[in-house]
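All remarks here apply to the structure that follows.
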Amino acid sequence: MLIHPWDAPTDDAEWQDWLAGHDFGQLAVNGPPGAAPLVQPLHFAYDRARREVVTHLARPNPIWPALEAAPTVLLSVVDDYVFIPGPWQAAEEDPPEHGVPTSFYAAVQLTCTAHIVDDPQEKAALLERQVGHFQPEGGSAPVTADGPPYGRQLPGIRGLRLEVADVRAKFKYAGKRTEAVQQRISARLAERDAPRDAQARAHQQRRMGARRG
């Protein structure tokens, strides 16, 4: 992922706060030599304090041999993406038809070392962490290694703990454009009001404010 200086996070808190509101992504794992990488869509829970991600997958998933052979993986999360028509981006001195269409998006990529969790007690604890993240209101029985209803189902899954080694983040929201052009884009986003336009506009306004400050 190419990250220009104007698309980089203003600080670690920017990508951390954004990632805190996201828990679905794609896990990329190197396949066997000569084969394509494996990409697994999944829900996950990111633990900011521990700098790790926890998740789980079914035991028959073909990803396990690849993880055991090459535990360095990439978790990719992308959201708040919109298409920006060319006329919106035209420089102030240029005619609208000379503007270049582009995409806006936010992306965080976590390079991780994968640790497979098979111990029943550890697996139950990992699942409890996930349930606590996704279902803080409760309502489900505790996950225990030997108690109903989940204990007998644990052998059918494997836990996965991803130790974060590196983070690359990008907020592509016309950061290299003049403020006048950015304000024009923001106004067009507000007018269009399509899915994710409000989120993209919020990113743009926030980042303009950070540069002024």
Side-chain angles (χ1 to χ4, degrees), residues 1-29 37 39-53 55 72-112 133-134 162 164-213:
M1 177 170 65
L2 173 64
I3 305 174
H4 292 294
W6 51 84
D7 296 330
T10 54
D11 53 28
D12 284 343
E14 184 175 16
W15 70 260
Q16 290 171 344
D17 291 344
W18 182 84
L19 189 60
H22 293 79
D23 44 31
F24 193 88
Q26 293 189 309
L27 182 66
V29 181
V39 180
Q40 174 65 51
L42 46 66
H43 271 108
F44 65 87
Y46 174 65
D47 190 321
R48 188 170 179 166
R50 300 188 193 185
R51 283 183 60 86
E52 71 176 13
V53 172
T55 188
T72 299
V73 301
L74 184 76
L75 179 62
S76 175
V77 185
V78 180
D79 201 358
D80 304 338
Y81 53 89
V82 296
F83 174 75
I84 301 299
W88 294 13
Q89 285 221 122
E92 297 157 274
E93 66 275 13
D94 293 339
E97 60 269 23
H98 287 192
V100 178
T102 194
S103 300
F104 282 3
Y105 60 86
V108 172
Q109 295 178 346
L110 305 177
T111 301
C112 306
H133 169 78
F134 287 102
L162 304 177
V164 178
D166 187 46
V167 180
R168 290 175 58 76
K170 180 173 182 174
F171 293 87
K172 185 175 183 291
Y173 294 100
K176 70 176 180 179
R177 305 291 175 184
T178 65
E179 181 159 337
V181 171
Q182 290 194 59
Q183 293 290 8
R184 179 205 302 151
I185 295 170
S186 282
R188 298 294 183 271
L189 287 168
E191 291 170 5
R192 185 172 68 180
D193 197 25
R196 295 177 298 274
D197 280 353
Q199 295 92 321
R201 186 174 186 274
H203 283 303
Q204 193 177 36
Q205 291 291 325
R206 185 191 72 251
R207 290 172 64 81
M208 279 193 290
R211 281 194 293 275
R212 292 192 211 103

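None of the values given here were measured: they were computed from a predicted structure. Only this structure's heavy atoms are used, side chains among them; waters, hydrogens and symmetry mates stay out.
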query = Side-chain contact, heavy-atom cut-off 4.5 Å: Ile84 with Leu189?
reply = yes
query = Phe24 versus Asp79: any side-chain heavy-atom pair under 4.5 Å?
reply = no
remark   = One should read off an interatomic distance between Asp12 CG and Leu19 CG, to the nearest 0.5 angstrom, of 12.0 Å
task = Run the numbers on Asp17 and Arg48 for side chain to side chain contact (heavy atoms under 4.5 Å, CB included), then give the verdict.
result = CA-CA 10 Å; Asp17 291 344; Arg48 188 170 179 166; 3.1 Å; yes
query = Does one side chain, of Thr102 or Gln89, offer a donor that lies under 3.5 Å from an acceptor on the other?
reply = no
Show me the donor-acceptor pairs within less than 3.5 Å that the side chains of residues 180-188 make with the rest of the protein, sequence neighbours left out.
residue: Gln182; atom: OE1; partner: Arg211; partner atom: NH2; Å: 3.2
residue: Gln182; atom: NE2; partner: Ala174; partner atom: O; Å: 3.2
residue: Gln182; atom: NE2; partner: Arg177; partner atom: O; Å: 3.1
residue: Gln183; atom: OE1; partner: Gln205; partner atom: NE2; Å: 3.1
residue: Arg184; atom: NH1; partner: Trp88; partner atom: O; Å: 2.9
residue: Arg184; atom: NH1; partner: Ala90; partner atom: O; Å: 2.6
residue: Arg184; atom: NH2; partner: Ala90; partner atom: O; Å: 3.1
residue: Ser186; atom: OG; partner: Gln182; partner atom: O; Å: 3.4
residue: Ser186; atom: OG; partner: Gln204; partner atom: OE1; Å: 2.5
residue: Ser186; atom: OG; partner: Gln205; partner atom: NE2; Å: 3.0

remark   = Smallest heavy-atom separation, Pro195 atom then Val82 atom, equals O-CG1, 4.1 Å
ask   = To the nearest 0.5 Å, how far apart are OH in Tyr105 and CZ in Phe171?
value = 11.5 Å
ask   = Do Leu42 and Leu75 come close enough that some side-chain heavy atom pair is under 4.5 Å?
value = yes
key: Atom of Val167, atom of Arg51 and distance for their closest heavy-atom approach   = CG2-NH2, 4.4 Å
message = In terms of relative ring orientation, are Trp15 and Tyr46 parallel, tilted or perpendicular, with 30° and 60° separating the classes?
response = tilted
ask   = Is the backbone of Leu27 close enough, under 3.5 Å, to the side chain of Gln40 for a donor and an acceptor to pair up by distance?
value = no
key: side-chain contact (heavy atoms from CB on, under 4.5 Å), paired with Asp7, selected from Lys172, Met1, Lys176   = Lys172
ask   = Can you tell me if Ser76 uses its side chain to pair, donor with acceptor, with the backbone of Gln109 under 3.5 Å?
value = no
remark   = Closest non-hydrogen atoms of Gly25 and Phe44, given as atom of the first, atom of the second and distance, are N-CE2, 3.6 Å
task = Grab the two heavy atoms, one from Tyr173 and one from Asp80, that are nearest each other, plus how far apart they are.
result = OH-O, 2.8 Å
remark   = Contacts satisfying salt bridge (Lys or Arg N to Asp or Glu O under 4.0 Å) that involve residues 195-206 (not counting sequence neighbours) are Glu14-Arg206, Arg192-Asp197
task = Return the set of residues passing salt bridge (charged side-chain N to carboxylate O under 4.0 Å, His left out) with Asp47 (not counting sequence neighbours), or none when no residue passes.
result = Arg50, Arg129
query = Between Leu162 and Cys112, which heavy-atom pair has the shortest distance, and what is it?
reply = CB-CB, 3.8 Å
note = Smallest heavy-atom separation, Thr10 atom then Ala210 atom, equals CG2-CB, 4.1 Å
